[in-house]
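Data block below; observations after.
Indexing begins at 1, ligand by ligand and atom by atom, following the structure's order. Because the structure is a prediction, the values reported are computed rather than measured.
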Amino acid sequence: MKKYHYILVGAGLFSGVISYFAHQAGKSCLVIEKRDHIGGNIYCEDIEGIHVHKYGAHIFHTSNKKVWDFVNSLVDFNRYTNSPIANYKGEIYNMPFNMNTFSRMWNIRTPDEAKKIIEEQRREIIGEPQNLEEQAISLVGRDIYEKLIKGYTEKQWGKSCKELPNFIIKRLPVRYTYDNNYFNDLYQGIPVGGYNVLINKLFEGADILTGVNFLEEKEKWMELGETVVYTGAIDAFYDFCYGNLEYRTVSFQTEVLDMENYQGVAVVNYTDRETPYTRIIEHKHFEFGTQPKTVVSKEYSTDWKEGMEPYYPVNDERNQLLYQKYAQKAKESKVIFGGRLGEYKYYDMDKVIESAMRCWQQLLG
Ligand code: UDP
C-alpha cells in the first residue's frame, strides 16, 4: 500500500480538478508545487483590496455546459464580459474585429461596406493561407493586419508572422455586427471573490507541499503514490533527453496608481511594434472595483530561458514534432501528463478542465 492514491505535480487547474474529484471519491492526494502558493497561473494576489491576476489576465469563458455547471457549483461568477481595446500609436480600436473596428478604421457604417473593403484586400492571398500573416490578411485584410495584428503578434511570439502557424489567429472572432464581446462562448465571467476562491475549493482535502521542486527528487515522490499526475513541462520531466521544447513567457511590471480609474477598461492591447509591452491590464475592472486606488500591469513577452516560468507552448512544426517524441515516451510510462505544459497545448481554462474531467473518467476505469 502506498501512502497516497494520487501524487499531483503542479497545483494549477488540471491538478485541481483531479484533486477535487479524488477527494469526493474518498481518495487521498499529495500536491507538490514548486511555487510558494497553489493555483498555477490563475492565482491572484490582493493589493489595495484588488485581486491582481499575478500571471496575466484570466477571463473564464466556455460553451461547455458541463464545465460551466461544474465551476458554478464551486463559486458564483460575475457578469464580466471581455471587451478589450487596441491602442495603435494612440488610435483606439475595439476588439475583437467587428463593425466598431471597421467603422473606425475606414469611416464606414454598414456591414456591406466593410465586407467590400475586406474582400478587396484579401484578394492578395491566393489559395490556402500558409502562415499567420496570410491567414490574417485573408480574414480581415491588410489594413487591420498591419495596425492591429502584426506588431502585437510579433511582440507576443518573438517571430515573424510569416513563420507562425495559422491557428493562433483563428482564435479571434471576426464579426460583421457591432459586438465588442471578445469571446463567442455561451458563458463568461470572473469568480466572485476572485480565482483564489475557486482554487481553494478545488484543492480542499488534499495534502499540499508548496516551494518543493518535484523534479529534484522525482523517484522519492513517485514512490509515495499509486498514480502520478504531472502537469509541469513534459520535456523537463524527461530531463530534456530529446532537446528543449520552446516556450514563450510573459513578465509583468505591476504598479499601484493613486487614482481611481486609469484606462477605463480591464485590457488595452498595444498593437504597434515600438511599445515594448503587449498590453496593460487594469485589474479592478474584472470585478467592477470601486477602490480609491488602482493596480495596473504592463505585460512583456519574451523567450523562455531556464529559471523562468514557461507560459505558452510554441506550436510550430519543429516543436510539434519534438513534442510527439516526448508524448510517445509518456504513453509508454504510467505517469499521466496534463495541462498546458504537460500536453504542450495552447489550452484555455475551460479546455484544461474538460481535459482533466476526461482524465478523471479514465482513472475511474
Ligand atoms: N492578436 C492580435 N492583436 C490583438 C490581440 C490578439 O493580433 O490585439 C492575435 C495574436 O496573434 C495572439 C492571438 O491573436 O497571439 C490570440 O490572442 P488571445 O487574446 O486569444 O491570446 P491570449 O489572451 O491567450 O494571450
Side-chain angles (χ1 to χ4, degrees), residues 13 40-42 53 55-62 80-89 91-98 100-102 104-105 129 131-175 180-185 188 190 246-252 263 265-273 275 277-281 286 297-302 304 309-316 339-341 345-352:
L13 267 179
N41 285 359
I42 66 174
H53 294 208
Y55 303 96
H58 282 79
I59 299 120
F60 197 92
H61 58 98
T62 188
Y80 177 81
T81 302
N82 199 32
S83 6
I85 59 172
N87 180 325
Y88 177 78
K89 302 187 178 185
E91 292 170 25
I92 298 296
Y93 294 93
N94 286 108
M95 295 291 293
F97 312 119
N98 72 80
N100 290 301
T101 328
F102 306 144
R104 175 94 172 78
M105 182 75 64
N131 53 46
L132 195 149
E133 175 172 300
E134 293 185 8
Q135 180 68 62
I137 295 173
S138 102
L139 277 176
V140 284
R142 184 164 279 277
D143 289 349
I144 291 194
Y145 169 68
E146 296 285 348
K147 285 192 167 177
L148 301 182
I149 298 176
K150 189 170 191 288
Y152 184 92
T153 302
E154 294 188 346
K155 281 193 287 189
Q156 185 175 4
W157 297 99
K159 283 195 164 90
S160 149
C161 287
K162 291 192 172 77
E163 296 169 76
L164 285 165
N166 304 7
F167 79 90
I168 295 176
I169 202 70
K170 284 194 200 149
R171 287 168 58 87
L172 293 188
V174 177
R175 293 195 195 108
N180 294 326
N181 182 350
Y182 200 62
F183 302 114
N184 280 329
D185 281 321
Q188 179 172 185
I190 303 281
E246 274 182 280
Y247 301 92
R248 286 296 283 174
T249 191
V250 276
S251 60
F252 300 93
Q263 61 186 17
V265 64
V267 184
V268 179
N269 294 348
Y270 285 79
T271 57
D272 65 281
R273 197 64 227 233
T275 308
Y277 40 86
T278 49
R279 45 190 169 191
I280 298 184
I281 311 297
F286 290 124
S297 300
K298 291 188 176 123
E299 182 173 329
Y300 297 83
S301 188
T302 49
W304 177 84
E309 294 287 346
Y311 277 75
Y312 296 92
V314 179
N315 297 105
D316 61 9
R340 232 187 217 208
L341 301 176
K345 267 205 189 124
Y346 190 179
Y347 270 145
D348 287 331
M349 290 181 277
D350 63 324
K351 295 293 184 297
V352 173

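- Of the residues listed (Lys162, Lys159, Lys150), the one engaging Glu133 in a salt bridge (Lys or Arg N to Asp or Glu O under 4.0 Å) is Lys162, and it is the only one.
- Among protein heavy atoms, atom 22 (P) of ligand 1 sits closest to Tyr346 OH, 3.2 Å.
- Asp348 places no side-chain N or O within donor-acceptor distance of the main-chain N or O of Lys351, the cut-off being under 3.5 Å.
- Ranking protein heavy atoms by distance to atom 11 (O) of ligand 1, first place goes to Thr153 OG1, 2.7 Å.
- Taking a 4.0 Å cut-off on heavy atoms, Lys150 fails to register as neighbouring ligand 1.
- In this structure, atom 23 (O) of ligand 1 lies nearest to the protein heavy atom Arg279 NH1, 3.5 Å.
- Of the protein's non-hydrogen atoms, Leu172 CD1, 3.4 Å is the one closest to atom 14 (O) of ligand 1.
- The closest non-hydrogen atom to atom 3 (N) of ligand 1, taken over Ile149, Leu148, Asn87, comes from Leu148.
- For ligand 1, the atoms closer than 4.0 angstrom to any heavy atom of Tyr182 are 5 (C), 6 (C), 17 (O), 18 (P), 19 (O).
- Between Thr81 and Phe183, the closest side-chain pair of non-hydrogen atoms is not below 4.5 Å.
- The part of Ile169 lying near ligand 1 is the side chain, judged by heavy-atom distances below 4.0 Å.
- The contact set between ligand 1 and Asn269, taken as ligand atoms under 4.0 Å from a residue heavy atom, comprises 4 (C), 5 (C), 8 (O).
- Taking the six-membered ring for Trp, Tyr270 and Tyr277 have ring centres closer than 6.0 Å.
- Closest protein heavy atom to atom 2 (C) of ligand 1: Tyr152 CD2, 3.5 Å.
- At a cut-off of 3.5 Å, with distance as the only test, a side-chain donor of Asn181 or Gln188 sits close to an acceptor on the other residue.
- The only option from Trp157, Tyr347, Trp304 that meets the ring-ring contact (aromatic ring centres under 6.0 Å, His included) definition with Tyr312 turns out to be Trp157.
- Of the candidates His58, Met95, Gln156, the one placing a heavy atom closest to atom 12 (C) of ligand 1 is Gln156.
- Under 4.0 angstrom from ligand 1, there are no non-hydrogen atoms of Glu299.
- Contacts with ligand 1 closer than 4.0 Å are made by heavy atoms of both the backbone and the side chain of Ile168.
- The closest side-chain heavy-atom distance from His61 to Asn82 is not below 4.5 Å.
- Within ligand 1, the atoms closer than 4.0 Å to a non-hydrogen atom of Tyr312 are 22 (P), 24 (O), 25 (O), numbered from 1 in the order shown.
- For the pair Glu154 and Arg273, the minimum side-chain heavy-atom distance is below 4.5 Å.
- A distance of 12.5 Å separates OG in Ser138 from OH in Tyr145, rounded to the nearest 0.5 Å.
- For ligand 1, the atoms sitting less than 4.0 Å from at least one non-hydrogen atom of Thr271 are 8 (O), numbered in the order shown with element in parentheses.
- Using a 4.5 Å heavy-atom threshold, the side chains of Leu164 and Asp316 count as separate.
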